[in-house]
Amino acid sequence: MTAMDFVYNVLVALHLLGMAAVVGGWIAVRSGRTLIAPIVWGARAQLVTGLALVGIASAIKDDSHEVNNTKIAVKLVIALVVVAAAEIGRARTKRGQDAGTLLDVAGGGAVVNVLVAALW
C-alpha cells in the first residue's frame, strides 16, 4: 500500500464518519433531542473529505480509483444542499425557531447521497 492509498483510505473512513454523524444526528433530532451540532459538523466533514477524495482519486492513475465526473457533480450538489440546510437549521435553532424541515432535508439528503454513491 502506497502512502497515497493510505491517505485515501483514511479520508474514506472520515467521510463515512461524517455521514454517520449527519444521519445519526438526524435520527436523534427526529427522536425529540436537539443534537444539531453533529449534523452540521458531519455535513462539513462530508463536503471537505469528499472533495479531497475526488482530488486524490483524480491524481491516482489506476483502475481502482476511476472518477465518474457526472456522479461526482450530482453528489456535490446534494452535499451542498445538505450543508446549507444544516447550517441554516442550526442558525434558526440558535434563534429559538423550529428547524425540523431543514434538518429533515439535511438527513434525507445525506441518505440520498449514500444511495447515489452505492447504487450508481
Side-chain angles (χ1 to χ4, degrees):
M1 175 186 290
T2 66
M4 190 67 81
D5 285 329
F6 177 76
V7 170
Y8 184 85
N9 290 335
V10 168
L11 285 171
V12 168
L14 292 173
H15 194 67
L16 292 173
L17 289 170
M19 180 271 304
V22 174
V23 175
W26 176 48
I27 290 170
V29 166
R30 291 290 102 215
S31 300
R33 297 202 171 127
T34 56
L35 295 172
I36 297 171
I39 298 172
V40 174
W41 283 103
R44 291 172 182 166
Q46 284 268 275
L47 183 61
V48 171
T49 58
L51 291 171
L53 284 168
V54 171
I56 290 174
S58 297
I60 298 173
K61 301 295 182 190
D62 65 10
D63 292 336
S64 66
H65 295 94
E66 262 185 60
V67 177
N68 179 340
N69 289 321
T70 306
K71 177 180 174 180
I72 297 304
V74 169
K75 287 182 58 58
L76 177 60
V77 169
I78 295 169
L80 290 172
V81 169
V82 169
V83 171
E87 294 284 357
I88 295 168
R90 179 176 179 229
R92 285 189 180 173
T93 301
K94 280 186 170 184
R95 289 192 305 259
Q97 299 172 342
D98 182 39
T101 304
L102 287 166
L103 298 178
D104 288 341
V105 169
V111 171
V112 168
N113 233 354
V114 169
L115 293 173
V116 169
L119 301 176
W120 185 322

Flag the pair [X] / [Y] as yes when at least one side-chain heavy-atom distance between them is below 4.5 Å, and no otherwise.
X	Y	value
N113	V74	no
N68	I72	no
R90	L102	no
M19	V114	yes

Rounded distance [0.5 Å steps], [atom1] in [X] versus [atom2] in [Y]:
X	Y	atom1	atom2	answer
W26	L103	CH2	CG	10.5 Å
K75	Q46	NZ	CD	7.0 Å
H15	N9	NE2	CG	13.5 Å

Using the rule that Ile, Leu, Val, Met, Phe, Trp and Tyr join whenever any side-chain heavy atoms are under 4.5 Å apart, tell me whether [X] and [Y] fall into a single cluster.
X	Y	result
L53	I56	yes
V77	L115	no
V82	V116	yes
L80	I39	no
V40	V22	yes

Nearest heavy-atom pair of [X] and [Y]: which atoms, and what distance?
X	Y	result
A43	V83	O-CG2, 3.4 Å
A45	G18	CB-CA, 4.3 Å
P38	A21	O-CB, 3.5 Å
G109	I78	O-CG2, 3.3 Å
A99	T93	CB-OG1, 3.5 Å

Note to self: Consider side chain to side chain contact (heavy atoms under 4.5 Å, CB included). Of L51, T49, V48, L16, which one does L11 pass it with?
What the structure shows: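 It is T49; the other options fail the test.
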
Next item on the list: Just jot down the side-chain contact (heavy atoms from CB on, under 4.5 Å) partners of D5, sequence neighbours excluded, or say none.
Entry: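 Only M1, T2, I60, H65 meet the side-chain contact (heavy atoms from CB on, under 4.5 Å) criterion with D5.
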
Next item on the list: With sequence neighbours left out, write down each residue that passes salt bridge (charged side-chain N to carboxylate O under 4.0 Å, His left out) with R44, or none if nothing qualifies.
Entry: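 Listed in chain order: E87.
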
